[in-house]
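Presented below is the structure to which this report refers.
Numbered from 1 within each chain, the chains take letters A, B, ... in sequence-line order.
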Amino acid sequence: MNSTGFFNSVWLLVAHIPAGRVASYGQIAALLGHPRAARTVGWALHSTPDHLDIPWHRVINSQGRISTDCGEHSPGLQRYLLEQEGLQFDGDYVDMDRYQWQPDMATIEAILAKGHPLARTD
DNA sequence: ATAATGACTGGGG
DNA sequence: ACCCCAGCCATTA
């Protein structure tokens, strides 16, 4: 159990990204107070337990491009899910200025304070 | 405790 | 636009 770990915070925050919006790995890291831990965010999402039902597809790279090459969470699936939520792609890119999630600090604090029901069960 | 591992990022060529 | 590189850092596949 680890409701305060970084992975858990990542899942918690990503769970609150609204449909039709996206965040970058670095953005999630920064919102959690670790602006250099973008890679770790990617790793956290890679190891997201399926039962948590996290909208993992709403996290893409800072260029507005899909990064995953994981079999379970494939680029094709991620793009499909995003398009289902109304995002339009220009080639391999989405317009970050248009779709990026922009929560205010109060929202973030509320989410993090609320904390946890996402603790791992292994 | 140390080493390896990435769904990253920004900069440079 | 593309490819490559070095720095990055929480976790342990």
Side-chain angles (χ1 to χ4, degrees):
Chain A
M1 68 76 151
N2 183 6
S3 59
T4 56
F6 189 75
F7 279 24
N8 195 268
S9 297
V10 170
W11 298 326
L12 183 59
L13 199 50
V14 170
H16 288 77
I17 302 173
R21 316 237 73 190
V22 293
S24 74
Y25 301 93
Q27 179 187 2
I28 296 298
L31 290 171
L32 293 176
H34 295 249
R36 313 292 171 151
R39 305 187 66 164
T40 308
V41 171
W43 199 351
L45 291 174
H46 176 71
S47 54
T48 305
D50 292 336
H51 69 83
L52 294 184
D53 194 32
I54 298 297
W56 56 270
H57 58 283
R58 296 182 191 143
V59 185
I60 60 181
N61 70 28
S62 64
Q63 319 284 319
R65 217 176 190 188
I66 288 172
S67 292
T68 180
D69 59 349
C70 171
E72 286 281 313
H73 317 109
S74 68
L77 174 59
Q78 183 165 12
R79 176 167 179 150
Y80 170 78
L81 291 172
L82 289 174
E83 290 179 327
Q84 288 300 303
E85 296 182 351
L87 275 76
Q88 296 176 11
F89 281 75
D90 176 11
D92 292 330
Y93 298 85
V94 297
D95 184 345
M96 289 302 274
D97 291 334
R98 177 176 177 185
Y99 298 118
Q100 186 164 37
W101 184 37
Q102 292 171 351
D104 53 50
M105 280 315 289
T107 299
I108 299 304
E109 290 174 8
I111 292 171
L112 296 180
K114 184 174 181 182
H116 70 58
L118 306 177
R120 281 181 292 172
T121 57
D122 51 301

[atom2] on [Y] to [atom1] on [X], rounded to 0.5 Å:
X	Y	atom1	atom2	answer
A:Leu77	A:Thr68	CG	OG1	9.0 Å
A:His73	A:Ser67	NE2	OG	14.5 Å
A:Arg79	A:Asp92	CZ	CG	6.5 Å

Pick out the pairs of N or O atoms, protein on one side and nucleotides 6-8 of chain C on the other, that lie under 3.5 Å.
from	atom 1	to	atom 2	distance (Å)
C:dG7	O6	A:Arg39	NH1	2.7
C:dC8	N3	A:Arg39	NH1	3.3

Are there over 12 heavy-atom neighbours, none belonging to A:Asp104, within less than 6.0 Å of that residue's CG?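 Atom CG in A:Asp104 is crowded, with more than 12 foreign heavy atoms closer than 6.0 Å.
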Do [X] and [Y] touch side chain to side chain, with heavy atoms closer than 4.5 Å?
X	Y	result
A:Phe7	A:Thr40	yes
A:Trp11	A:Trp56	no
A:Ile66	A:His57	no

Joint hydrophobic cluster, A:Val14 plus A:Met96, side-chain heavy atoms closer than 4.5 Å: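 Different clusters.
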Are A:Val94 and A:Leu81 linked, directly or through other ILVMFWY residues, by side chains that come within less than 4.5 angstrom of each other? no
Taking heavy atoms of chain A and a 4.0 Å limit, find me the 5'-most and 3'-most nucleotide of DNA chain B within that range.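 The footprint of chain A covers B:dT5 to B:dG10.
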Contiguous Watson-Crick or G-U pair runs (3 or more, under 3.5 Å) in DNA chain B: B:3-6 with C:9-12, B:8-13 with C:2-7
The answer to which of A:Trp43 and A:Tyr93 contacts DNA chain C further toward the 5' end, by nearest nucleotide, is A:Tyr93
Answer yes or no: does a side-chain N or O of A:His34 lie under 4.0 Å from OP1 or OP2 of C:dC9?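 Result: no.
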Atom pairs and distances, side-chain donor-acceptor, residues 19-33 of chain A, under 3.5 Å, sequence neighbours left out:
from	atom 1	to	atom 2	distance (Å)
A:Arg21	NH2	A:Arg98	O	2.7
A:Ser24	OG	A:Gln27	N	3.0
A:Tyr25	OH	A:Val59	O	3.4
A:Gln27	OE1	A:Ser24	N	3.2
A:Gln27	OE1	A:Gln100	NE2	2.7
A:Gln27	NE2	A:Trp101	O	2.7

Strictly below 4.0 Å, heavy-atom distances to any atom of DNA chain C: list the hits from residues 55-87 of chain A, or just say none.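 Only A:Arg65 qualify.
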Passes side chain to side chain contact (heavy atoms under 4.5 Å, CB included), A:Leu82 versus A:Phe89? Steps please. CA-CA 9 Å; A:Leu82 289 174; A:Phe89 281 75; 4.1 Å; yes
Minimum heavy-atom distance between A:Thr48 and A:Leu45, given as atom pair plus value: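 Shortest heavy-atom contact: OG1-O, 2.7 Å.
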Just grab all the salt bridge (Lys or Arg N to Asp or Glu O under 4.0 Å) pairs involving residues 47-62 of chain A, residues at least two apart or on different chains. A:Arg58-A:Glu85
